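See structure below.
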Amino acid sequence: MNVENYFISTFCSSGSHIGDDGALIGKWVYSKDLFFENVHFKRTWLSFYQIGYKAMIINISDAIAMNAIPKYALLGVAMPKSMSLSQMDELSSGIQAAASKYNIEIIGGDTIGNSKLDLSVTIISESTAPLTRRGLKRGDIIAYTGELGKSAKQLRYLLAGGSVHTQWRFVSPQLRQSFVMQSRRYLRCGMDISDGLFSDMEKLCNANRMGIRFQRKIEKKIGCSGEEYEMLIAFPPHRLSAIRRIAARNRTTITPVARAVRGSYVNRCKRHHF
């Protein structure tokens with residue numbers, strides 16, 4: 001067990017609310033992610049607009065992954081005292097652009113001075129048919145949407161001194177809201193791929209006390225690539241054709257990689273941001 005999972009395990013929730021991309025309470029989903037300088041990004045890599053936009057998008061991803069419609073956001077921003085007013089405006093514009101794209105109202109939060117730029121976002125969402133990590137059954141197909149591996153490749157380029165492209169996945173992840181909403185009735189369970197395919201498959205298996213049998217070889221550079229924000233999904237085999245049709249309508253691909261089996265699965269990737 002890594003230290004992050006250990007710390008989370010020290011908390012208990014009487015309603016079993018801990019363990020999904022967000023906490024489901026009634027029809028509401030509450031989720032929070034951090035986006036910290038020198039942990040998730042460097043200011044030399046991204047503009048202040050891009051930092052604000054990505055901080056929101058990675059949090060919205062948790063709502064989308066649970067088939068929830070994001071409604072409200074609370075912001076926590078720790079800003080260096082050296083930031084200018086124009087830089088603050090740029091950061092705010094990025095945050096508001098992502099919020100506006102998903103019709104999210106920013107309803108409050110807190111700001112403090114800091115030695116670096118750190119952001120914390122809480123998203124409050126609503127769902128009548130939530131998609132959780134539980135429900136996996138033996139024989140189910142486990143698959144992912146889109147293409148994996150680009151985020152880690154782009155990160156390596158940045159670490160080597162390269163500059164970003166505005167359409168890079170590392171800068172501006174593309175979420176699968178329409179696909180999740182349209183395919184929800186066929187899905188047993190799902191989650192977004194934020195820590196990497198192998199890491200998140202382990203979470204899915206742990207949530208269901210199941211193992212997996214890979215049906216194709218997945219290269220480490222693909223399986224260990226974090227911050228992809230594609231969807232990891234599971235569904236009965238007879239639903240594959242329907243899932244593929246929905247994916248095609250939404251201009252994405254579906255890649256089945258494994259079947260659920262009895263046992264357990266242990267991820268071999270190192271946890272990382274950069």
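Every value quoted in this text rests on a predicted model; they were computed, and no experiment measured them.
If you check the side chains of S120 and K32, you find a donor sitting under 3.5 Å from an acceptor. For the 3.5 Å distance criterion, the side chains of E230 and T145 qualify, holding a donor opposite an acceptor.
Criterion: ILVMFWY side-chain heavy atoms under 4.5 Å apart, direct or through other members. Under it, Y102 and F35 are part of a common hydrophobic cluster. Note on L46 and Y157: same hydrophobic cluster, where clusters join Ile, Leu, Val, Met, Phe, Trp and Tyr whose side-chain heavy atoms are under 4.5 Å apart, directly or indirectly.
Shown here is R138, whose CZ atom has no more than 12 heavy atoms of other residues, nucleotides or ligands within 6.0 Å. Summarising the local packing, OH of Y72 is surrounded by 12 or fewer heavy atoms from other residues, nucleotides or ligands at distances under 6.0 Å. More than 12 heavy-atom neighbours from other residues, nucleotides or ligands sit within 6.0 angstrom of CD1 on I112. Under a cut-off of 6.0 angstrom, the local environment of NZ in K116 is crowded, with over 12 non-hydrogen atoms contributed by other residues, nucleotides or ligands. With a 6.0 Å radius and a threshold of 12 heavy atoms from other residues, nucleotides or ligands, M83 has its CE atom above the threshold.
Of the residues listed (R169, E219, E228), the one engaging L148 in a side chain to side chain contact (heavy atoms under 4.5 Å, CB included) is E228, and it is the only one. In summary, of the residues considered (D20, D21, L24, N67), a side chain to side chain contact (heavy atoms under 4.5 Å, CB included) with P130 occurs for L24 alone.
Taking the charged nitrogens against the carboxylate oxygens, R43 and E37 do have a contact shorter than 4.0 Å, which makes a salt bridge. Note on D140 versus K137: no salt bridge recorded, every NZ/NE/NH1/NH2 to OD/OE distance being 4.0 Å or above. Ion pairing between D192 and R176 fails under the 4.0 Å rule for side-chain N and carboxylate O.
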**Request:** Start with the C-alpha distance between I141 and R239, add both sets of side-chain angles, then the distance that settles side-chain contact (heavy atoms from CB on, under 4.5 Å), and finish with yes or no.
**Result:** CA-CA 9 Å; I141 293 174; R239 298 299 190 185; over 6 Å; no
**Prompt:** Given the rule in the side chain to side chain donor-acceptor pair (under 3.5 Å) test, do S92 and Q96 qualify, once you have shown the distances and angles that lead to the verdict?
**Reply:** CA-CA 6 Å; S92 174; Q96 292 186 73; 2.8 Å; yes
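Under the 4.5 Å side-chain criterion, counting only non-hydrogen atoms from C-beta, I69 is not in contact with S125. Using a 4.5 Å cut-off on side-chain heavy atoms (C-beta onward), Y144 and M231 make no contact. Inter-residue side-chain proximity for F214 and R259 is flagged as unmet; no heavy-atom pair is nearer than 4.5 Å.
Without hydrogens or angle criteria, E202 side chain to N267 main chain gives a donor-acceptor distance under 3.5 Å. Panel note: side chain Q182, backbone F179; no donor-acceptor pair is recorded below 3.5 Å.
The aromatic rings of Y53 and Y49 lie parallel to each other, with less than 30° between the two planes, well short of the 60° mark.
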